Amino acid sequence: MLAQLSFLLAGCILAIDARYAHGSALDARADSTTTIAAPISVTPDQNWDGIDGTWSTFTLRVGTPEQYVRTYISFASYQTWVIIPQGCSTAADENACAENRGWLFESNASSTWERVGIYDLWIEDKLDYEGNALYGYDRVGLGGQGEGGPTLRNTTVGGLAVEDFYLGVFGINPKPTNFSDFNEPSTSYMTQLKEQSLIPSVSFGYTAGAHYRYTGELASLTLGGYDSSKYVANDVVFTFASDNERDIMVAMQQITTPSRISSSPTGTQLLPNAVYAYIDSTIPELWLPLEACQAFEVEFGLTWDNATELYLVNSTLHSSLLQRNANVTFTFGQGFTSADTVAITLPYAAFDLTAQPPFRGLQNYSYYFPLKRAANDSQYVLGRTLLQEAYITVDYEVSRFKLAQVLWDQNAQMNLVAIPAANVTQNSTAWTSPFFGDSVSSPNSGSGSSGGGIGAGAIAGIVVGVIVILAILAALLFWRHRRNKKQKRISMDEKTLNNDTNSDAGHSDAATGTVFPKAELAGSEPIPFGMTHHDADRKGLLMPPNSRMGTPGSPSSPSSHYGTDASSPHPSSAGGGTYMSSGSNTLLSPLSNITEADSKSIAIYEMPGDMPSVKEKDGRQLSEKEAIQRREMLYNGVDSSAGVTPTSDNGEEPPREPPRRVQAEDVVDARTGLGAGRHRAFSFEGAEGAKDAFGTGGSGL
């Protein structure tokens, strides 16, 4: 055994050393023969959308046959969201609503739609964005008709109706979606593109476009690379933050604007203290600390509207700000004191946005300044307003990104550059990415030799690892042997037991060994605690069946469209409750009092004969104590009411008299002392010649 173990260890070491000895040649051969996929440039729409500003969008083809929808780009989302007909069911003009919301997707009109259920929307929930969506799998293609973008099958699609996300989004975050089991996640669109070799790496380059530049400069989106003609190059590289939901983080060191006093060269500081902020194209505004917002108020004469929670701008102030045309410069670094920084300058036109109903409850069109008051550091987010003048390149494979000022050059020609997939170096300590220059540390990096061979320490570690693996295998074999032996003994015992059971004539139906799995019901999405169906309909939340009327003009009603198998990945709160299975939508809360059927108390019954219902002549029922005393006296000849048990002189209980039949004339009424006569409630009332309480024989009444 020891010889075999030594031979195995020696073989492993020789194989590993040979692998490292020829590693350089193998890598060089792979580099010389491998070709990478070209990046994909997604064509933007030629129109501008949005109720919170004027934004450049992208068209997607969803379902079979293809249905066209317009969407924003989202760094936070890892799914594709589309607007469904329920999102316009209450609009006065459904066609106009569908156009404003980027067209609608009808899942029941798609032959490739595979429903999953209704789940909550969880991106930017810290900013009070809320709602739910009907999720499923379907085909999604990039670009409009004839644009030739790739189409992927079985991608995760969410159909929503809430107004917080007025248009759909195309999520370019590569994280998978977990509906119920973390062991079987649904792959994101970006990851599928990489796995099918349609893009060279899980990376992208993006700028939101600017309607105020020239005649309107459209957005630019490149998957698997970037467009080098779109930005002013710099050497600053940012590292992802540790928060998985807020990974593209920057240290915002300062925000400045030129002084209103022309003779003063010193700009005005609008950010009292440096903060970390998350960059996300899902939302339009800039969420900054309250102190920064107040500095903007003073500098630009802004007024906070409590009703809409917006900085609304009237016509007079709007004209004044346009005439001033002040710039605002944001300075970013990896840390608060980092020397390597990037400055992004926004003209006032980038803040000159127009909002329209139903954004934030507005009733009319209004100018507004896209600044929001953040309650805490989890709400510091920089949205599409910044990305009008900033170009961002993100490589998820090395957890790095770059931020640069957009280069406004009408004569520049598109120059797509692929970002190759991250490669592991020979010492397994670094990932190399040509875009980010030098090698960057791998998440699993450690110290090691930089040479082509393997070090002595590494060999020792490998030997120890092999020994541990062999020890685990030996333990598994020993455990398996004991388990088989135990199962064999249990099987013999069961066989003996079955033989004994089958021989018993009184047990013809012996228990079988079949075990049926427990069926679990898929939970329906409950109405949020304290919310009525009217409130849910107004917010655009998708409800369980029978909770609202069908959508006019849609091929099927929500009742058939949204079944009871919809479930939420988040359990209901203590007061959330659930719905009755009858479909009545009656909410049963776990905090409510438990009542019996028809609000009646459940009667408690004893075995027959234990407590007879003995009634007197006037219908009064005997108490429990009186009934016991009566039974003792009638059947045992013992008067328990006296409280003393008769005994003999030697302390022993005298022999009891044999039971005797009680005659009717022996029955005495406890109240009157007279004979009670016949009593219909007793079985001994039929004695011949018995007398009642008022005479001899016959009826006493």
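Remember, it's a predicted structure, so these values are computed and weren't measured experimentally.
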Checking ring-ring contact (aromatic ring centres under 6.0 Å, His included) for the pair Phe179/Tyr119: CA distance, chi angles, key distance, verdict? CA-CA 8 Å; Phe179 287 111; Tyr119 290 85; 5.1 Å; yes
Output, in order, the C-alpha distance, side-chain angles, deciding distance and verdict of side chain to side chain contact (heavy atoms under 4.5 Å, CB included) for Tyr189 and Leu142. CA-CA 11 Å; Tyr189 199 96; Leu142 301 179; 3.6 Å; yes
Take Leu127 and Glu285 through the test side chain to side chain contact (heavy atoms under 4.5 Å, CB included) and record every step on the way to the result. CA-CA 11 Å; Leu127 304 183; Glu285 307 101 342; over 6 Å; no
Applying ring-ring contact (aromatic ring centres under 6.0 Å, His included) to Tyr72 and Phe58, what does each step give before you reach the verdict? CA-CA 6 Å; Tyr72 295 135; Phe58 293 83; 9.8 Å; no
Check against side chain to side chain contact (heavy atoms under 4.5 Å, CB included), Leu403 and Ile279: CA-CA 10 Å; Leu403 197 63; Ile279 300 177; 4.1 Å; yes
Step by step, work out the side chain to side chain contact (heavy atoms under 4.5 Å, CB included) result for Glu124 and Val381. CA-CA 9 Å; Glu124 296 302 358; Val381 181; 4.0 Å; yes
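Taking the six-membered ring for Trp and the full ring otherwise, Phe204 and Phe75 have centroids separated by under 6.0 Å.
In this structure, the side chains of Leu60 and Phe170 come closer than 4.5 Å at one or more pairs of heavy atoms. Side-chain contact between Leu346 and Leu386 is present, with at least one heavy-atom pair separated by less than 4.5 Å. Side-chain atoms of Trp55 and Leu353, non-hydrogen and from C-beta on, do get closer than 4.5 Å to each other. Looking at heavy atoms from C-beta onward, Leu288 lies out of side-chain contact with Leu271 at the 4.5 angstrom threshold. Met190 places none of its side-chain heavy atoms less than 4.5 Å from the side chain of Asn173. The shortest side-chain heavy-atom distance between Thr308 and Phe359 does not fall under the 4.5 Å cut-off. Looking at Thr393 and Ile419, their side chains come closer than 4.5 Å, going by heavy atoms from C-beta outward. The side-chain heavy atoms of Phe369 and Leu312, taken from C-beta on, include no pair separated by under 4.5 Å.
Sorted by first and then second residue, the side-chain hydrogen bond (donor to acceptor under 3.5 Å, both in side chains) pairs involving residues 411-420 (not counting sequence neighbours) are Ser228-Asn415. For residues 241-258, the pairs satisfying side-chain hydrogen bond (donor to acceptor under 3.5 Å, both in side chains) are Gln254-Gln269, with sequence neighbours left out. Screening residues 335-351 for side-chain hydrogen bond (donor to acceptor under 3.5 Å, both in side chains) gives Thr329-Thr345 as the qualifying pairs, with residues at least two apart or on separate chains. The ring pair (Phe, Tyr, Trp, His ring centres under 6.0 Å) pairs that include a residue from residues 253-272 number zero, where partners must be two or more places apart or lie in different chains. Pairs passing the ring pair (Phe, Tyr, Trp, His ring centres under 6.0 Å) check and including a residue from residues 252-295, sequence neighbours excluded, read Tyr276-Phe336.
With a 6.0 Å radius and a threshold of 12 heavy atoms from other residues, nucleotides or ligands, Asp235 has its CG atom at or below the threshold.
Here the CG-CD1 distance, from Leu362 to Ile51, works out to 8.5 Å after rounding to the nearest 0.5 Å. Considering OG1 of Thr207 and CG of Leu407, their distance stands at 11.0 Å, rounded to 0.5 Å. Within the model, atoms CD1 of Ile123 and OG of Ser77 stand 4.5 Å from one another, a figure rounded to the nearest 0.5 Å. Rounded to the nearest 0.5 Å, atoms CD1 (Ile73) and CG (Leu221) are 4.5 Å apart. The line from OG of Ser188 to CG of Leu193 is 8.5 Å long, rounded to the nearest 0.5 Å.
Using cut-offs of 30° and 60° on the angle between ring planes, the pair Phe165 and Trp81 is perpendicular. Classification of the Tyr231-Tyr391 ring pair by plane angle, with boundaries at 30° and 60°, yields parallel.
Taking the ring pair (Phe, Tyr, Trp, His ring centres under 6.0 Å) definition, one finds that Tyr166 meets it with nothing, sequence neighbours left out. Among residues two or more places apart in sequence or in another chain, the ring pair (Phe, Tyr, Trp, His ring centres under 6.0 Å) test is passed with Phe332 by none. Listed by chain and number, the residues in a ring pair (Phe, Tyr, Trp, His ring centres under 6.0 Å) with Tyr68 amount to none (sequence neighbours excluded). For Thr239, the side chain to side chain contact (heavy atoms under 4.5 Å, CB included) partners two or more places apart in sequence, or in a different chain, are Gln334, Arg400. Take Tyr365 and apply the side chain to side chain contact (heavy atoms under 4.5 Å, CB included) test, not counting sequence neighbours, and it matches Thr354, Gln356, Pro357. The ring pair (Phe, Tyr, Trp, His ring centres under 6.0 Å) search around Tyr367 returns His318, not counting sequence neighbours.
Side-chain N or O atoms of Lys372 include one that pairs as donor or acceptor with a backbone N or O of Glu309 at under 3.5 Å. One N or O on the side chain of Thr385 and one on the backbone of Pro284 form a donor-acceptor pair closer than 3.5 Å. With hydrogens and angles ignored, the 3.5 Å screen pairs no side-chain donor or acceptor of Asp227 with any backbone N or O of Met414. Remark: the backbone N or O of Ala422 is paired with a side-chain donor or acceptor of Glu397 at under 3.5 angstrom. With hydrogens and angles ignored, the 3.5 Å screen pairs no side-chain donor or acceptor of Asp45 with any backbone N or O of Asn47. Arg61 places a side-chain N or O within 3.5 Å of a backbone atom of Gly143 that can act as its donor or acceptor partner.
Summarising the geometry of Leu167 relative to Gly102, their closest heavy-atom pair is CG-N, 4.3 Å, with the distance given to 0.1 Å. Scanning all heavy atoms of the two residues, the minimum distance from Pro39 to Leu416 falls at CG-CB, 4.1 Å. Shown here for Lys402 and Asn234, the closest heavy-atom pair between the two residues is NZ-O, 3.8 Å.
The one candidate from Phe238, Tyr226, Tyr206 that meets the ring pair (Phe, Tyr, Trp, His ring centres under 6.0 Å) condition with Phe401 is Phe238.
Ion pairing between a basic and an acidic side chain is recognised when a charged N comes within 4.0 Å of a carboxylate O; Arg70 and Glu99 show such pairing. Taking 4.0 Å as the cut-off between side-chain N and carboxylate O, Arg384 and Asp280 do not count as a salt-bridged pair. Between Glu163 and Arg101 there is no salt bridge, since none of the side-chain N atoms of the basic residue sits less than 4.0 Å from a carboxylate O of the acidic one. Note on Glu389 versus Arg213: salt bridge recorded, some NZ/NE/NH1/NH2 to OD/OE distance being below 4.0 Å.
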In residues 293-302, what donor-acceptor pairs under 3.5 Å come from side-chain atoms, sequence neighbours left out?
residue	atom	partner	partner atom	Å
Glu297	OE2	Tyr311	OH	2.5
Glu297	OE2	Arg373	NH2	2.8
Glu299	OE2	Arg324	NH2	2.5

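Between the side chains of Tyr212 and Glu217, not a single donor N or O lies within less than 3.5 Å of an accepting N or O.
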